[in-house]
Protein chains: 2
Amino acid sequence: MAARYERIAAELRDDIVGGVHPVGSQLPSEADLAARYSAARGTVRQAVAVLAAEGLVGSRQGARRIVLGGERSQSFAELHSFAQWARSNGYRVGGQVIAQRRRPARGAEAGRLGSDTVLDVLRLRTLEGEPVLVERTVYADWIAAAVEAVPADCESITQALYDTAGVVFAYGEHLLDAVAAGTRDAALLGVRRGSPLLRQRRITTTHEGRPVEWSDDRYRAGSVAFSVRNSIGANPLIRQAGDLRFGA
Amino acid sequence: MAARYERIAAELRDDIVGGVHPVGSQLPSEADLAARYSAARGTVRQAVAVLAAEGLVGSRQGARRIVLGGERSQSFAELHSFAQWARSNGYRVGGQVIAQRRRPARGAEAGRLGSDTVLDVLRLRTLEGEPVLVERTVYADWIAAAVEAVPADCESITQALYDTAGVVFAYGEHLLDAVAAGTRDAALLGVRRGSPLLRQRRITTTHEGRPVEWSDDRYRAGSVAFSVRNSIGANPLIRQAGDLRFGA
DNA sequence: CAGTGGTCTAGACCACGTC
DNA sequence: ACGTGGTCTAGACCACTGC
């Protein structure tokens, strides 16, 4: 059973998407919503906090909440998994392991992954049959066996690891920039050497903060873009840039 | 005066960064924290929710919270403003308007910005004296006069617009990808034509959802990377990728 | 089983916007 | 002045973890 505030959030979301609360209009007051749903104001606040974090509604102290957008931005939702992202957008996705081997951890890898031997995997991913992504992933040794058990042409490694080993990718840190294609990248992706690639480097951990993988993913330019929505109110990270905590 | 929960969050954050609560250790229970700070449990929960959203701590029902990371990831905090990001990282930043003119809105601009004439600005931004960013920004006409009043070499337009017009950039939607440098980009940034650039396209609105600007920013490769931290629990957008639950 | 976080209630006061 | 959202309190019950 979903929590009360989740059901209220879902109803409000449906009302927004369905046009009951058009973009630009005011949401009913928290007191009104509490009365309508026979819930305490705190519960209603939890519900609208969900919508605010999604960027659907804005808020200012003293004024009614305002509906900001109708469409859902799912884009960063699938940040962890290329396959899950592609599927939820209706694309045909493929993958193939090019090379895979165990080796001792090098340089910062031991510290990052907390293991002294690692599993190194090079994968080529396709979208609608076109190669778009070269993945260089390094797995911690506690998960290596499970990764090796995954078929070479598996679509979603994330999904496979969840199914076979119960591993949930819970936290991620991502670094996005642009690089020029090297010889190997160029050959795999079918582009000229030096052409632009979007690089996503990430480290992923479980709930407990146990590192699972460290990956360097390179996307052919034009194939994929990352989208982010942020807001002063919804994302606590933003707050600090705005005003106070600077020189401290 | 900052809110109680913000001060508690700040103290806990300092304790984590300062090593009082090392990475991997358990945070004190909510009841303990409530007693220590003489606050209600709800207030403590607000505080730790801030830290969870920052990716500093994780949580699982029934178990103590766990410290996930020590360093602060402010990077996306300053996503809205190049100057604010650069300053908070201790960089010298500069800027120069290359071209600026009013013109009729083209194509999708009218719909995106909600105005039929726009102010088109081309800016070159520098970091430590090196050109790193070409900004092509289109402002809605209601803000155009305020933008034109900003000096051509102003460091932070965001700050200037807040100071002179009281405009707060509250919401943003961002699209990140890689492109090849065109002739103009290459000349301005001092790179070869065709070399990789990190492109950030964004639309920014006020609290009320009123569009302020639409911008196409291109960073020289190697000069800047965007960093994101996300988690199943802290970022509701992520949730949909993983599996079950909704709110938070 | 006891402890912990997740949810919910029913109040309260305050800061801010709007009129 | 009044309504609104922002904050805070002091309880309660439940689901889950860990022993």
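Every chain is numbered from 1, with letters handed out A, B, ... down the list of sequences.
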B/Gln46 CD to C/dT7 C1', in whole Å, measures 15 Å
Judged by nearest nucleotide, the residue sitting upstream toward the 5' end of DNA chain D, B/Arg4 or A/Pro28, is A/Pro28
In whole angstroms, the gap separating C1' of D/dC8 from CG of B/Leu33 amounts to 16 Å
message: What contact category does B/Arg65 fall into here, base, sugar-phosphate, or nothing, at under 4.0 angstrom with non-hydrogen atoms?
response: sugar-phosphate
Angle separating the five-pair end axes of the helix from C/dC1-D/dG18 to C/dT18-D/dA1, nearest 10°, is 10°
Atom CZ of A/Arg64 and atom C1' of D/dG5 are separated, to the nearest Å, by 11 Å
Identify the pairs formed between an N or O of the protein and an N or O of nucleotides 11-15 of chain D at a distance under 3.5 Å, and give each distance.
| unit_1 | atom_1 | unit_2 | atom_2 | d |
| --- | --- | --- | --- | --- |
| D/dA12 | N6 | B/Arg41 | NH1 | 3.1 |

Rounded to whole Å, CG of A/Asp32 lies from C1' of D/dG3 at a distance of 10 Å
Heavy atoms of A/Pro22 and A/Val67 approach each other most closely as O-CB, 3.5 Å
To the nearest angstrom, the CZ-C1' distance between A/Arg7 and C/dT7 comes to 11 Å
Between the CG atom in A/Leu27 and the CG atom in A/Asp32, the distance rounded to the nearest 0.5 Å is 10.0 Å
| Distance-only donor-acceptor check, side chains A/Thr204 and A/Glu213, under 3.5 Å | yes
For A/Ala83 and A/Glu155, the nearest pair of non-hydrogen atoms, with its separation, is CB-O, 3.2 Å
side-chain contact (heavy atoms from CB on, under 4.5 Å) test vs A/Val147 passes for just one of A/Val212, A/Thr137, A/Leu161, namely A/Leu161
Check your understanding: Should B/Arg202 and B/Asp217 count as an ion pair when the cut-off is N to O under 4.0 Å?
Key -> yes
Whole-Å distance, B/Leu27 CG to C/dG5 P, equals 8 Å
Shortest non-hydrogen pair, B/Tyr139 vs B/Ile157, comes out as OH-CG2, 3.6 Å
Inset, instruction - Give a yes/no answer on whether the side chain of A/Thr43 brings an N or O atom under 4.0 Å of OP1 or OP2 in C/dT7. - result: no
Of the candidates C/dG5, D/dC8, C/dC8, the side chain of B/Tyr5 sits closest to D/dC8
Separation of C/dT7 atom P from A/Tyr37 atom OH, nearest Å, is 18 Å
From the candidates D/dG6, C/dG17, D/dA10, the one with an atom nearest any side-chain atom of A/Glu30 is D/dG6
B/Arg45 atom CZ is separated from D/dT7 atom P, nearest whole Å, by 16 Å
Across all chains, not counting sequence neighbours, the side-chain contact (heavy atoms from CB on, under 4.5 Å) partners of B/Ala144 are B/Arg102, B/Leu119
Note to self: Is it the case that the side chain of A/Trp142 and the backbone of A/Pro211 share a donor-acceptor pair, with hydrogens and angles ignored and the cut-off at 3.5 Å?
What the structure shows: yes
